[in-house]
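Some notes on the structure that comes next.
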Amino acid sequence: MTYFPTVGKIKFEGVESNNPFAYRHYNPEEVVMGKTMAEHMRFAVAYWHTFASDGAKGQDPFGMKTMTRPWESTDSMEEARQKAYANFEFLEKLGVPFFAFHDLDVAPEGNSIEEYHRNLDEIVAIFKSEMERTGIKLLWNTSNAFSHPRFVNGAATSPNADVYAHAAAQVKKGLEIAKELGAENYVFWGGREGYEFLQNTDYKLEMDNLAKFYWMAINYAQEIGYTGQFLIEPKPKEPTKHQYDYDTATVVAFLKTYGLDKHFKMNLEANHATLAMHTFDHEIRVAASHDMLGSLDANQGDLLIGWDTDEFPTDLTAVTLACYEIIKAGGLGTGGVNFDAKVRRSSTDLEDLFLAHIAGMDTFARGFKAAAKLIEDKFFEDIVANRYSTFHNSEIGKTILDGTATFASLAEYAKTNNTLKVVSDHLEYTKVRMNEYIYSQPTSTPKSNEIIKHLNEKISGADLLAKTSQEAV
Ligand code: XLS
Ligand code: CA
Ligand code: CA
């Protein structure tokens with residue numbers, strides 16, 4: 001049985017190729033900064049947006065689904081089996097090494113916890129044998145503790161202890177599945193962990209309960225010998241008005257407050273970053289600065305629409321800056337680039353699933369290579385070094401960095417230093433030169449960062465260029 005008869009194995013053909021079913025930028029074997037692109041990117045397909053929900057088939061709050069898929073069946077377990085096999089055919093054809101799923105994406109709940117576990121076990125067995133056959137791995141699994149009506153007011157922050165216990169049973173099973181399938185990570189995303197109305201909410205009790213829930217998960221993972229990385233996925237809102245895991249900084253504060261910080265890293269989603277009024281690169285930088293960069297959910301939102309549209313990432317500037325932060329952070333470790341993205345409602349062909357993933361992978365490959373070039377040329381490093389040079393190169397700056405400065409010593413110095421000058425960042429010039437790395441090739445000699453440095457030294461870029469071309473002559 002084939003689910004995608006019209007599409008063969010997607011290969012790298014380069015920018016000259018006009019074949020829509022080929023990579024034009026993503027060459028998995030290309031070595032960049034000492035590793036292959038496949039090793040850097042660790043791409044993953046999100047089961048839910050590709051195979052599972054009606055939302056993945058075009059359904060939205062105003063309209064029915066617009067697509068029908070060959071794995072659909074009136075028998076929910078039969079559909080679960082078909083999807084499982086379709087997943088591996090899709091990943092093999094794309095050449096993607098990882099997938100990710102929620103428990104509810106892969107098997108129907110049935111009428112009891114026992115029935116649900118039986119259903120899950122059957123599909124997990126298919127996953128296991130298909131993983132062995134293909135070498136495809138599980139980037140992460142997670143528990144959907146937000147769709148069922150019982151979770152109307154949250155799971156680990158529900159005001160109802162019975163619901164809390166049910167959520168615990170679900171995550172317990174999720175961890176067993178993670179162990180069984182060797183999941184590299186286990187994700188917690190709390191879509192309903194938050195509140196609609198603060199005055200009917202015991203905020204402190206809910207935060208304490210959430211921390212206890214995480215501790216129970218850590219203890220259980222240790223008990224069963226599951227050693228994958230735990231990840232929390234921040235999101236500020238939607239479906240809940242206010243979600244507790246608002247953004248990276250909020251989650252870090254929560255984890256540190258409850259002594260959980262050594263056990264968790266972040267799963268960061270681009271669309272969640274923008275919902276929190278941050279950029280994706282901001283969230284990556286904050287996580288990395290706490291040594292908590294875990295994995296990425298690659299997508300993009302639509303700033304005009306304003307909710308979690310989960311589009312495939314095609315914004316090359318945003319992706320390049322995200323890749324820049326990934327490289328600066330030392331890579332993704334056990335994480336990867338998971339396409340938590342769905343085809344648009346009007347992309348109705350089955351083949352659009354391939355075209356959309358190819359678009360995301362090519363965008364990331366192109367962004368990553370541009371970021372590598374920015375790093376190789378020390379484009380931002382030199383700018384940053386120059387910008388902070390008073391801390392590194394002046395006596396007073398050094399006392400601030402080494403912690404010997406006091407208010408008294410700084411005030412004494414400030415009084416004697418009346419020549420303080422504002423130094424321009426030349427931000428517009430910086431950004432337009434950065435664009436060359438992203439959209440074409442940096443062409444200038446000397447390098448743009450050197451020109452910016454010289455601008456700071458009050459030599460105009462034009463003078464410097466003139467000087468260099470004279471030297472060249
Ligand atoms: C929803 C989230 C969800 C998580 C996993 O907005 O992105 O899909 O990634 O539960
Ligand atoms: Ca996500
Ligand atoms: Ca999302």
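Every number for a ligand or one of its atoms is a count from 1 in the order of the listing. Everything numeric in this text was worked out from a predicted model, so none of it was measured.
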Would you mind listing which atoms of ligand 1 come within a distance below 4.0 Å of any non-hydrogen atom of [X]?
| X | result |
| --- | --- |
| W48 | 8 (O) |
| E233 | 2 (C), 4 (C), 5 (C), 7 (O), 9 (O) |
| D297 | 9 (O) |

Between [X] and [Y], what is the ring plane arrangement, given parallel below 30°, perpendicular above 60°, and tilted in between?
| X | Y | value |
| --- | --- | --- |
| F101 | F127 | tilted |
| F254 | Y258 | tilted |
| F51 | Y47 | tilted |

Check: Between the candidates E269, H102, H49, which shows the shortest non-hydrogen contact distance to atom 5 (C) of ligand 1?
Finding: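 Looking at heavy atoms only, H102 sits closest to atom 5 (C) of ligand 1.
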
Pairs of nitrogen or oxygen atoms closer than 3.5 Å, one from [X] and one from ligand 1: do any exist?
| X | value |
| --- | --- |
| D340 | yes |
| W140 | no |
| T142 | no |

Margin query: Assess, by modelled atom type and distance only, whether the side chains of T201 and E206 contain a donor and an acceptor separated by less than 3.5 Å.
Written below: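 Judged by distance alone, the side chains do not pair up.
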
Checklist line | Distance-only side-chain donor-acceptor flag, D297 / N338, under 3.5 Å | finding: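 Result is yes, a qualifying pair exists.
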
Notebook entry, point to check: Which N/O/S atom belongs to E233 and is the closest one to the Ca ion (ligand 2)?
Noted result: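 It is OE2, the N, O or S atom of E233 closest to the Ca ion (ligand 2).
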
Check: When you measure from the Ca ion (ligand 3) to each N, O or S atom of H272, which atom gives the shortest distance?
Finding: NE2

Next item on the list: Starting from the Ca ion (ligand 3), look over the N/O/S atoms of E269 and name the nearest one.
Entry: OE2

Check: Backbone, side chain, both or neither: what part of D308 comes under 4.0 angstrom of ligand 1, heavy atoms only?
Finding: side chain

Note to self: Quick check for you: with the Ca ion (ligand 3) as the vertex, what angle do OD1 of D310 and OD1 of D308 span, to 10°?
What the structure shows: 60°

Check: So, E78 and R81, do they make that salt bridge, N to O below 4.0 Å?
Finding: yes

